[in-house]
Each structure stands twice: as structure tokens, then as C-alpha cells.
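The structure under discussion appears below in the form of C-alpha cells.
Lettering follows sequence order; numbering is per chain, from 1.
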Amino acid sequence: MGAKARTMHNRTASSSWEIVAASGIMIAVLAVLDVFDAREPIVLLSLAPLGLLVLASLRRVGPQTLLLWIAACGALAALTWQWRYLGLAYPAAALGLLAIGFRLLARRG
Amino acid sequence: MKPGFVLFQCGALVAFLLLVRFTWRTMGPKHAIGFLLYLLVASVFHELAVAGMAAVADRPPNYTAAQGTLRIGSLGVAIVMGWMFATILSFQLARMIQSRSFPGSNIFATLTLMALVTSAISYAVEITGMRVGLWVWAHNQPLSVWLPFSYPTAAFRAWPASTTLMMGLYCTFRYRLFSSSRWVSSLVGLAFFFTYTFLEMIEDRLLPTGWLLIDAQSQRPIVLWGCLLALTLWAPKSMLGSSERA
């Protein structure tokens, strides 16, 4: 990526309060509807994959964060005996695999 | 109108206006107007195509907007706006993730991350939307076996594919992904876009059992993601949309 494009990318990432605000509004509205309209607070867990990706847009997520996320979903699945909760970790797995792919390519030069 | 509908539509409108403001501020008025108009046309085309495909396949549409939501003819305004919203938000979130965790990667990486973000938006919105009754899915939809809360697999396939195709087509024009000529690049993008859409219309009849040992509806998105991932990792410099030449 060239210097000009890199600068554009960084500018976009550092001054994107509207994107963060729009994500926040969407998550808040969905949370209110889950709790007060659908009356199923457990469904708040459906916001978890998006929550991780919004977090990843705000700060770099390293292997520890991704593993912690997968472990948390795994623990939830084990505690509730609902193995589908492990599926909520799919963005962490995808980001991890993408990072491994880039690292392997960089190592091969 | 139910209070849940009002809250959802008001929240969506405010969030959408924030995205329009961001687009205007970062792209400039000329490109922002072009981009938003393009998204509007692409979203309307998408909704018409969904209805058209259902008619060709002689089956009801996968989903219909709930009664009481704003419509122009057969088009659900909230759904069209929703596609624009999801496309802008997921592309920009993808760019932010890319700049934090995958610096130096190409525009295909942005599109790959965008598909991931769209799937997460889809999951959150669909799970709530179905429960609150914002739209109604057709009966007998297969549900995801690996995600909780009865999420239709059609949503998991369609949302990321739709936003990625819409944004991918825009990128072929804006960043000249496949040729230094903007028009040649756009033609390649258009050919890919319409081939994908056409295959969706006919594959149920031509390939009912699937040719990748998976169900017929999942194979096309999987090929799309495979191509995108390959380009993310191995695209030559001349195909980088974020290069200075673009």
C-alpha cells in the first residue's frame, strides 16, 4: 500500500466518530428491543459477534483477545450445555485465521 | 404502529444520517453523491431481483416486510435503506479493522473483512427483527446448525454476498481493480455481478443437488469467498485498489 493510501486509511480510521456512533445506536436499539419488546434478554448474546468487530475497529485485537473471546464463548457453551454458543466466536476465529494467513505469507516473503 | 417499530425506524434513520454525514465529509460532495446514488440503485435492484428470482423459481419470496412499514409500490423503503446502511457501515468498519490489525493489505482484504462484518450485523439484526416482527421469513427456512437463536442460513449467505457484491462492483469502478481503464474494470465487475445473479436464478433448476458436496444454495457464496480470500492474500500489486495508481 502506498504512502498516500496509507495516510487516507489512517485518516479514515482516526476520524470516524460517525461510524462508531452509528454502530453504537444500532447496538443500543437492538438491545432495547431484545429486552423490552421481544422480552428475551438472552438474545442479547446475538450482539456478541458484532460487539467484537466494533471493538476490533477501535483497537488492534491481538491473539490474546481473540483466544479470550473464543474461550469465553466456549465456557458459556459448556456451562449452559448449549454448544451452539461456541458459534458466537466465529468472528474471532475468522480474524485469527486471516492473521495467520498473512503471517505465513509474510514469512515466505 | 408498535413502539418497537418506531424505535427501530427512528434509530435506523439517525444512524443512517450519521453514515451519510461521514460519507459526505470523507469523500467530498461529488463522490459522496455518486456513491450514495449508486448504493440506492444497487439496493433497489437487489430488492427487485429478490422478487424476480422468487417469481422465476415459482416460489414465495424468502422474506417480506411487515405491515405498517413504509413502501413505494412493492419496495420496502426500510429494507432498501437497510441495504445501504449495512453496506456503508460494514465497509467502513472493515476499513477501520484493516487499518488496526492488517495494515498494508489490499482492497480485497477490505471486502473480505466487510463480508465478516456484514454477517455479524445480519445476525444481530435478523435475530431481533424476526422476534419483533419487522419482517417475516417464509416458512420452512433451514436454520443455522452452529449458531443459536434460530438464525436462517439464507440470511447468513445472502447478507454478506449482497453487500460485498454491491461494494465490489463500486470498487472495480472507483479503484480500477481489474484494469487501468475505469470502464474496462467496470465491465469486468459488471460481468461478474450479473453472472453471479444469473446463477442464483437458474442454479436451483440446473444443479439442485449441489456440485461441491454441499447444498445448492451455499456453493456459490463459498466460491465467492474463496476467490475473495485468494485475492486478499495473493493479488498482485497491479490489482491493489489502494495503490497510488488508483
Choice from B/Ile121, B/Leu19, B/Leu116, B/Thr112 maximising heavy atom contacts with chain A below 4.5 Å: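 Of B/Ile121, B/Leu19, B/Leu116, B/Thr112, B/Leu116 has the most heavy-atom pairs under 4.5 Å with chain A.
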Between B/Ser144, B/Ser101, B/Gly133, the one whose heavy-atom pairs under 4.5 Å with chain A are most numerous: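 Ranked by heavy-atom pairs under 4.5 Å with chain A, first place is B/Ser101.
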Chain B neighbours within residues 20-40 of chain A, where any heavy atom lies under 4.5 Å away: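 The residues closer than 4.5 Å to chain B, in numerical order, are A/Val20, A/Ala21, A/Ala22, A/Ser23, A/Ile25, A/Met26, A/Val29, A/Leu30, A/Val32, A/Leu33, A/Asp34, A/Asp37, A/Ala38, A/Glu40.
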Is [Y] close to [X] at the side-chain level, that is, under 4.5 Å between some pair of heavy atoms?
X: B/Met130; Y: B/Pro152; value: yes
X: B/Trp83; Y: B/Glu47; value: yes
X: B/Trp225; Y: B/Pro160; value: yes
X: B/Met167; Y: B/Tyr38; value: no

Between [atom1] of [X] and [atom2] of [Y], what distance do you get to the nearest 0.5 Å?
X: B/Thr164; Y: B/Leu169; atom1: OG1; atom2: CG; value: 12.0 Å
X: B/Met114; Y: B/Met166; atom1: CE; atom2: CE; value: 8.0 Å
X: B/Thr110; Y: B/Tyr175; atom1: OG1; atom2: OH; value: 8.0 Å

Report which part of [X] has an atom under 4.5 Å of a heavy atom belonging to chain A: side chain, backbone, both, or neither.
X: B/Ile88; value: neither
X: B/Phe102; value: side chain
X: B/Ala109; value: side chain
X: B/Phe85; value: side chain
X: B/Leu229; value: side chain

Engaged part of A/Leu45 at the chain B interface, taking heavy atoms whose separation is under 4.5 Å: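 The answer is both parts of A/Leu45.
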Any residue meeting side chain to side chain contact (heavy atoms under 4.5 Å, CB included) with B/Arg25, in chain and number order, not counting sequence neighbours: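 Result, side chain to side chain contact (heavy atoms under 4.5 Å, CB included) vs B/Arg25: A/Ser15, A/Trp17, A/Glu18, B/Arg21, B/Phe22.
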Show me the donor-acceptor pairs, under 3.5 Å and distance only, between side chains in residues 79-104 of chain A and residues at least two apart or in other chains.
| unit_1 | atom_1 | unit_2 | atom_2 | d |
| --- | --- | --- | --- | --- |
| A/Thr80 | OG1 | A/Leu76 | O | 2.7 |
| A/Thr80 | OG1 | A/Gln82 | N | 3.4 |
| A/Arg84 | NE | B/Val145 | O | 2.9 |
| A/Tyr90 | OH | B/Ser119 | OG | 2.7 |
| A/Tyr90 | OH | B/Ala120 | N | 3.3 |

B/Tyr123: ring pair (Phe, Tyr, Trp, His ring centres under 6.0 Å) partners, not counting sequence neighbours: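 For B/Tyr123 the ring pair (Phe, Tyr, Trp, His ring centres under 6.0 Å) partners, ignoring immediate neighbours, are B/Tyr151.
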